[in-house]
There are 2 protein chains.
Amino acid sequence: MTDKQKASEAARERLRAVGLRPTRQRLALAKLLFAGPHRHVSAEQLHGEALRKKVRVSLATVYNTLHQFTEAGILRELVIDPGRSYFDTNVTHHHHFFFEGSTRLRDIPGEGVEVKRLPAAPEGTEVARVDVIIRLKDSPKRRKRSS
Amino acid sequence: MTDKQKASEAARERLRAVGLRPTRQRLALAKLLFAGPHRHVSAEQLHGEALRKKVRVSLATVYNTLHQFTEAGILRELVIDPGRSYFDTNVTHHHHFFFEGSTRLRDIPGEGVEVKRLPAAPEGTEVARVDVIIRLKDSPKRRKRSS
DNA sequence: CAACTAATTTAGAATTATTCTAAAAAATAT
DNA sequence: ATATTTTTTAGAATAATTCTAAATTAGTTG
């Protein structure tokens with residue numbers, strides 16, 4: 001079996017596993033998202049990528065699909081940057097570096113940060129998730145003392 | 001001196017301290033934000049509140065002012081909810097509870113969470129800030145076993 | 001397979017939050 | 001006061017996202 005076929009099979013199986021019909025669009029998007037290393041994408045990005053690969057899919061469907069995948073637990077939505085959401089194909093426990101002023105995002109493995117002394121969730125609620133975002137800025141290159 | 005006068009004085013002094021001209025709009029918004037306990041507001045919320053108190057100010061000015069206050073370090077911008085930003089009058093070290101599906105946000109005192117084993121910032125960058133968001137969901141009232 | 005039903009996709013309009021623009025108003029300096 | 005600079009503003013513009021209703025497609029069922 002070719003790699004392409006394997007990726008198709010995997011995508012189809014992934015959809016089946018979460019109970020989503022394997023439509024042409026969902027299969028194509030699943031392949032873009034899950035064949036290869038983990039990634040962070042915005043809806044616009046994924047849509048552009050699909051079009052470039054000649055996958056005909058509307059932006060509305062990309063949004064629908066990203067949300068369905070998120071509900072199904074095979075994507076995780078990240079709210080980090082005002083004005084846009086990112087979706088992370090890595091749904092295991094981990095946190096993020098975010099490069100302020102850019103669009104870049106990098107995973108920190110789950111073991112790489114430890115959150116201690118979590119306060120109890122308020123009455124009537126429970127913890128759905130804990131997000132840690134380490135916001136980075138460029139470090140000043142200090143060649144000479146500033147005036 | 002009346003409380004009102006004291007609040008005006010405090011607002012004026014706050015602006016002076018960060019080098020922003022004490023215009024009518026900025027003074028009014030500073031009073032709304034800083035007279036009283038700490039709070040989390042969106043631009044729309046603050047604008048609505050100002051109008052209700054008969055402070056004539058445009059939404060554009062509210063946005064400008066929130067950003068100026070943030071740059072000046074007297075507000076902190078929170079990106080938590082896709083599609084809108086909140087501004088926090090508490091700029092000391094602390095983290096947040098967020099009630100998913102709502103718009104509610106609550107401070108966790110800085111000492112209430114401890115982040116350990118922070119990985120080093122990637123080459124050429126430094127940590128600007130660490131945000132911890134504890135996302136909450138309603139806990140199911142389990143009166144009877146679910147089917 | 002043919003006909004049917006339900007789910008999905010889509011184009012485009014609509015909505016929402018936010019930013020931009022250029023002109024008028026207000027604050028400070030001279 | 002007058003001049004200069006900053007700020008405010010209405011309204012247009014932009015950007016991300018959601019909605020809508022119609023057309024298409026997937027999964028049955030006879």
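Note on naming: letters A, B, ... go to the chains in the order of the sequence lines (proteins, then strands), and numbering restarts at 1 for each one.
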Identify every side-chain donor-acceptor pair in residues 66-74 of chain A under 3.5 Å, counting partners at least two apart or on other chains, and give the distances.
unit_1: A:H67; atom_1: ND1; unit_2: A:Y63; atom_2: O; d: 3.2
unit_1: A:Q68; atom_1: OE1; unit_2: A:R26; atom_2: NH1; d: 2.9
unit_1: A:T70; atom_1: OG1; unit_2: A:L66; atom_2: O; d: 2.7

When the side chains of residues 104-114 of chain A are checked against the rest of the protein, which donor-acceptor pairs come out under 3.5 Å, sequence neighbours left out?
unit_1: A:D107; atom_1: OD1; unit_2: A:H40; atom_2: NE2; d: 2.7
unit_1: A:D107; atom_1: OD1; unit_2: A:H94; atom_2: NE2; d: 3.2
unit_1: A:D107; atom_1: OD1; unit_2: A:H96; atom_2: NE2; d: 3.1
unit_1: A:D107; atom_1: OD2; unit_2: A:N90; atom_2: ND2; d: 3.2
unit_1: A:D107; atom_1: OD2; unit_2: A:H94; atom_2: NE2; d: 3.4
unit_1: A:E114; atom_1: OE1; unit_2: B:R117; atom_2: NH1; d: 3.0
unit_1: A:E114; atom_1: OE2; unit_2: A:K116; atom_2: NZ; d: 3.4

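Here A:Y63 does not reach the OP1 or OP2 of D:dT18: none of its side-chain N or O atoms lies under 4.0 Å away. Contact annotation: A:T23 side-chain N/O to C:dT9 OP1/OP2 distance is under 4.0 Å. Under 4.0 angstrom from either OP1 or OP2 of D:dG27 there lies no side-chain N or O belonging to A:R21. Side-chain N/O atoms of A:H67 include one lying less than 4.0 angstrom from OP1 or OP2 on D:dT18.
Within the structure, side chain to side chain donor-acceptor pair (under 3.5 Å) pairs that include any residue of residues 27-39 of chain B comprise B:S8-B:K31, B:H38-B:T89, B:R39-B:E49 (at least two apart or interchain).
Inter-residue side-chain proximity for B:F34 and B:R14 is flagged as met; some heavy-atom pair is nearer than 4.5 Å. Residues B:L51 and B:K53 form no side-chain contact, since every pair of their non-hydrogen atoms from C-beta on lies 4.5 Å or further apart.
Within residues 76-88 of chain B, no residue is approached by DNA chain D to less than 4.0 Å at the level of any non-hydrogen atom.
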What nitrogen or oxygen pairs link the protein and nucleotides 3-5 of chain C at under 3.5 Å?
none

Between the protein and nucleotides 9-14 of chain D, which nitrogen or oxygen pairs come in under 3.5 angstrom?
unit_1: D:dT9; atom_1: OP1; unit_2: B:Q25; atom_2: NE2; d: 3.1
unit_1: D:dT9; atom_1: OP1; unit_2: B:R56; atom_2: O; d: 3.4
unit_1: D:dT9; atom_1: OP2; unit_2: B:S58; atom_2: N; d: 3.0
unit_1: D:dT9; atom_1: OP2; unit_2: B:S58; atom_2: OG; d: 3.4
unit_1: D:dT9; atom_1: OP2; unit_2: B:T61; atom_2: OG1; d: 2.7

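Ion pair B:E13/B:R16 flagged as a salt bridge, since at least one NZ, NE, NH1 or NH2 atom sits closer than 4.0 Å to an Asp/Glu carboxylate oxygen.
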(message) Checking B:R56 against B:R24 for the side chain to side chain contact (heavy atoms under 4.5 Å, CB included) test, could you report, in this order, the C-alpha distance in whole Å, the side-chain angles of both residues, the deciding distance, and whether it holds?
(response) CA-CA 9 Å; B:R56 285 181 42 265; B:R24 177 175 60 73; 4.2 Å; yes

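Regarding B:L15, its CG atom lies at a distance of 10 Å from the P atom of D:dT8, rounded to whole Å. Atom C1' of nucleotide D:dA26 and atom CZ of A:R12 are separated by 11 Å, given to the nearest angstrom. Summarising the geometry, the separation between CG on B:L46 and P on C:dT18 is reported as 12 Å, rounded to the nearest angstrom.
A side-chain N or O of B:S85 and one of B:E77 form a donor-acceptor pair less than 3.5 Å apart.
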